[in-house]
Amino acid sequence: MYKAPRGTFDILPQEHPYWKYVEEKAASLCQLYGYQPLSTPIFEDAQVFTKTVAGGTDIVDKEMYIFQDKSGQELALRAEGTAPVCRAYVEHGLFNLPQPVKLYYIGPAFRYERPQSGRYRQHHQFGFEALGEADPALDAEVVEMARHFFSSLGLSQFIIQLNSIGCRLCRPGYLELLKQNYSGYADRLCPDCKVRLVKNPLRLLDCKKASCQEMTGAAPKITDYLCHECQLHFQSVQKYLGLMRILFELNPRLVRGLDYYTRTVFEVEPRENGGQTALGGGGRYDNLIEELGGKPTPAVGFATGLERIILNLKKQRLDIPALPGPDVFIAYLEGEAKTEAMKLASDLRKAGIGVIMATGDKSLRAQMRQADSLEIAYALILGEQEIRKRNVMLRDMRSGEQKTVPCAEIAGFLKQPKV
RNA sequence: GUGAGCGUAGCCCAGCGGUUAAGGCGCCAGGUUGUGGCCCUGGAGAUCGUGGGUUCAAAUCCCACCGUUCACCCCA
């Protein structure tokens, strides 16, 4: 038997209310803040990711789905959302629009990882990006928007962590300092951290091993080594967040996984954690567009995973609105009634009334059971008696009351607003 | 990629060496002649994840693989 590939899953009808709920909240949030939808292809020139997300990260080193098409071109399934948005920004000359350009996307992303709950090989991201503006007010807006999003979903138990990781000018010096600091006791680092020390020293800071954390406690904090510009920027972000009454925690050890971040980085995680914690994360990436061949362009954004949101919605047992279905079920008895029923179904649908028509010549009892399990509002029953007099039997499934209504009036009756 | 737990009908699960693998939900049919929800009766549905091994005998023990879950890692 065939199965959905490892780390992927089907979204069955019963799950879709969650997805629709989250997607609609996302779209209305973006409307509220003036972010417009952008859809990019599911695969890109592999370099869109390899050049930007950068080496030293697992995403590029071992998690990307890279393949050659028949012409030999190297393509990659979308590994994350931000780089494609930037590619589109450059390709379509969106820098000619009034800046900043505010965009959002919802779509799948692919990483070859070992699956567990909240972590898949195909997952879905919602992200928003503001391109072409360096103002720290925009960093604050993006953080506020993230918070606004989660609370609009009804997820209240989360924490926003904030940090600044500097820029091209101040970060290299800090990294040197960090390396020096750690290299003294390199032999005491965990195996992962020994690699980090060489390939990606910033990541030393968020190792969870207790033995390594002792050393990070003593390590220099990047926020103490920011250049003047970065310092001012970070202070402004915090000031604006304070003005908007956005609660956040400063976490000098917060480092994002993707290499393109500069200055502001932030992460949202549930208060009660365990397993795959991060609900979403984001930050500023002032060099990314340039790396994709555009002019130097500052930008800031945020992305979140729909699977993890839905996981948390379920954990909190929030009530999610059901998907609306038809209000009317048509049942019929033997003989001509079936053809009459089909005509009636067709007419009602033309009038904009949703109908599920019985099929398969089941007993009336079986048809009524079906109507019941569909949780439908009204059943229409057609038998010889009704057809002879051009009537239908209308049964209110909730109250159990029923009455005979002339065929000609039934559409009008059903269109009346429900009490 | 590393370590650990789990894998019995569509779903939840009992059985943990010995005759036809139990139950619940769901599904189908019937319980008066044209009517649902409760209840009752009957029915369909399981190569006990896959392959190999141990044994007179394996869903039950062992090994491998696959899947899944958890932790690490990584990140959404």
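Reminder, nothing fancy here: chain letters follow the sequence lines and each chain counts from 1.
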I'd like to know if A:Arg369 reaches the base of B:G31 with its side chain such that a donor and an acceptor end up less than 3.5 angstrom apart. yes
By nearest heavy atom, map A:Ser399 and A:His123 onto RNA chain B; which one lands nearer the 5' end? A:Ser399
State whether a side-chain donor-acceptor pair under 3.5 Å links A:Gln125 with A:His123. yes
Measuring to OP1 and OP2 of B:G36, would you say a side-chain N or O of A:Ser373 lies under 4.0 angstrom away? no
Of the listed nucleotides B:A76, B:G34, B:C70, the one nearest the side chain of A:Gln116: B:C70
Counting only distance, no hydrogens or angles, is the base of B:G36 paired donor-acceptor with the side chain of A:Arg395 under 3.5 Å? yes
CZ of A:Arg114 versus P of B:C73: gap in Å, rounded? 14 Å
N or O in side chain of A:Arg365 less than 4.0 angstrom from B:U35 OP1/OP2: no
Under 4.0 Å, counting only non-hydrogen atoms across every strand here, what does A:Gly281 touch: a base, just sugar-phosphate, or nothing? sugar-phosphate
When we call it a touch if two heavy atoms are under 4.0 Å apart, what does A:Glu386 touch: a base, just sugar-phosphate, or nothing? base
When the distance from CZ of A:Arg6 to P of B:C65 is rounded to whole Å, what number comes out? 13 Å
Spacing between A:Asp361 atom CG and B:G34 atom P, to the nearest angstrom: 15 Å
Check the distance between B:A29's C1' and A:Gln367's CD and give it to me in whole angstrom. 14 Å
Please compare A:Arg398 and A:Val255 by the position of their nearest nucleotide in RNA chain B and report the one closer to 5'. A:Arg398
note: A:Gln370, atom CD; B:C27, atom P; distance rounded to Å ~ 11 Å
Does a side-chain N or O from A:Ser117 land closer than 4.0 Å to OP1 or OP2 of B:U68, or not? no
Could you state the CZ-C1' distance from A:Arg388 to B:G34, rounded to the nearest angstrom? 12 Å
Out of B:U35, B:A76, B:U68, whichever nucleotide has its closest atom nearest the side chain of A:Leu364: B:U35
How is A:Phe126 classified with respect to the nucleic acid when contacts are heavy atoms under 4.0 Å: base, sugar-phosphate, or nothing? nothing
Name the nucleic acid region contacted by A:Gly7, choosing base, sugar-phosphate or nothing; use a 4.0 angstrom heavy-atom cut-off, strictly under. sugar-phosphate
Looking across every strand, which nucleic acid part, if any, lies under 4.0 Å from A:Glu80 by heavy atom: base, sugar-phosphate, or nothing? nothing
Rounded to the nearest angstrom, tell me the gap between atom CG in A:Asp372 and atom P in B:G26. 12 Å
Complement of B:A14, any strand, by Watson-Crick or G-U distances under 3.5 angstrom: none
Rounded off to whole Å, could you give me the CG-to-C1' distance for the A:Asp396 and B:G36 pair? 12 Å
